[in-house]
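Heads up, the thing below is written out as structure tokens.
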Protein chains: 2
Amino acid sequence: MLDNSQYIEKLRSSGLRPTKQRIKICEVLFNSEKTFHFTINELVKRISKSTNEKISLATVYNTVHAFKNKGYLKEIPINSDQSYFDTNTSHHHHFYDETQKDLIDIDDADVEPVKINTRIPGKKIKSVEVLVKVEDDKS
Amino acid sequence: MLDNSQYIEKLRSSGLRPTKQRIKICEVLFNSEKTFHFTINELVKRISKSTNEKISLATVYNTVHAFKNKGYLKEIPINSDQSYFDTNTSHHHHFYDETQKDLIDIDDADVEPVKINTRIPGKKIKSVEVLVKVEDDKS
DNA sequence: TCAACAGTTTAGAACTATTATAATGTAGAA
DNA sequence: TTCTACATTATAATAGTTCTAAACTGTTGA
Ligand SMILES: [Mn+2]
Ligand SMILES: [Mn+2]
Ligand SMILES: [Zn+2]
Ligand SMILES: [Zn+2]
């Protein structure tokens, strides 16, 4: 399969050997037209739907963390209930719909650059992320 | 004690009766000169240090959540390991020092207003929060 | 060809933050 | 004082995540 070569490369560069379980995880994560947000549980469900053989939770966690560390996935801090991940690794911000419990990308072009006029000595900025919480407008 | 009347009011308006355990929690949370960030575990330690009698974990959780719901505390999403809370309820943003695992306030005056040029139909904005992750600058 | 080995998957256990439970305690009203 | 509603507490339950150790697999090289 031609497509798999991309997955194999992603896995190798994350320090993982390309096994069939891991390639299946890649297919679910990176084969879709659009990027998406997910929790581990949601990802496991997606994987179950798209294959007969099941992949253990430990393998899913390990692979997701390796990709996150390599930068192929981002973790989005929303609350302390569960980890949210994002297959969109470009710089962008988020709406979080508290009614639907849904994360929505904000196109980076739709946000004016965030200017912070103070620094912490000896520290450098790794990321600047905006989280806009929204709820149903009943007015 | 004169000071306690403020705590009693905070408790009553949060739907809680002013008991001695809850007033002790208020003292630790709201008596300090400066505002601060904390996890539940850190709060429990602070309480232990400042009193002989111990207060059960359940009471701490319940009281913190009531204050959060009422708006006397804010929850700051950092990661999924633990909940971070903030006694500073004014509008402000944060540095998160990934090296020290430390949350630091950014004075609201030091951040230009965040402009978002898109909306979600039928939703209204509840909050806009900026999280700036920093790490040691070894350069 | 196939034994040895390094790395992988897996089920399940362990861990930890959080929430629920249910028995006991307590502040105030009557 | 007695009654009652609510609080506190220890402890259990829950759930997300990480760890473990045994079975498995793919590759190497004798
Ligand atoms: Mn929460
Ligand atoms: Mn995390
Ligand atoms: Zn996103
Ligand atoms: Zn703060």
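Every chain is numbered from 1 and lettered A, B, ... according to where its sequence line falls, protein lines coming before strand lines.
Taking atom CG of residue Asn41(B) and atom P of nucleotide dT18(C), one finds them 8 Å apart after rounding to whole Å. Residue Arg22(A) contributes atom CZ, which lies 13 Å from atom P of dG26(D) at whole-angstrom precision. Atom pair Glu53(A):CD and dT10(C):C1' shows a separation of 13 Å (rounding to whole Å applied). The interatomic distance linking Tyr61(B) (OH) with dA13(D) (P) rounds to 18 Å, in whole Å. Between the CD1 atom of Ile25(A) and the P atom of dT8(C) there is a distance of 13 Å, rounded to whole Å. Rounded to a whole Å, the CG atom of Asn79(A) is 12 Å from the C1' atom of dG16(D). Atom CD1 of Ile47(B) is separated from atom P of dT9(D) by 11 Å (rounded to the nearest Å). Here the C1' atom of nucleotide dT11(D) and the NZ atom of Lys54(B) are 11 Å apart, to the nearest Å.
Looking at Lys124(B) and Glu135(A), a side-chain N of the basic residue comes within less than 4.0 Å of a carboxylate O on the acidic one, giving a salt bridge. Under 4.0 Å is where a charged nitrogen must lie from a carboxylate oxygen, and between Lys74(B) and Glu129(B) at least one such pair does. Between Lys24(A) and Glu27(A) a salt bridge is recorded (basic side-chain N to carboxylate O distance below 4.0 Å).
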Test side chain to side chain donor-acceptor pair (under 3.5 Å) on Tyr84(A) and Ser80(B); report intermediate values, then the result. CA-CA 9 Å; Tyr84(A) 281 74; Ser80(B) 291; over 6 Å; no
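The ring-ring contact (aromatic ring centres under 6.0 Å, His included) test applied to His94(A) returns His37(A), His92(A), not counting sequence neighbours. Residues meeting the side chain to side chain donor-acceptor pair (under 3.5 Å) test with Thr59(A), sequence neighbours left out: Ser56(A).
Dashed line: the shortest gap from a side-chain N or O of His65(B) to OP1 or OP2 of dT19(C) is under 4.0 Å. Neither OP1 nor OP2 of dA10(D) sits under 4.0 Å from any side-chain N or O of Ser56(B). Side-chain nitrogen and oxygen atoms of Gln21(A) include at least one within less than 4.0 Å of the OP1 or OP2 phosphate oxygen of dT10(C). The phosphate of dT9(C) (OP1 or OP2) has no side-chain N or O of Lys20(A) nearer than 4.0 angstrom.
Nucleic acid contact class of Ile55(B) (heavy atoms, under 4.0 Å, all strands): sugar-phosphate only. Nucleic acid contact for Asn62(B): none, since no nucleic acid atom lies under 4.0 Å from a heavy atom of the residue.
Atom-to-atom distance recorded for Asn88(B):CG and Ile76(B):CD1 is 8.5 Å, nearest 0.5 angstrom.
Along DNA chain D, the nucleotide closest to Leu57(B) and the one closest to Tyr84(A) are compared, and the more 5′ of them pairs with Leu57(B).
For DNA chain D, the residues of residues 7-19 of chain B within the heavy-atom distance limit of 4.0 Å (strictly under) are Arg17(B), Thr19(B), sorted by number.
Distance from the side chain of Ala58(A) is smallest for dT10(C) among the nucleotides dT10(C), dT17(D), dT18(C).
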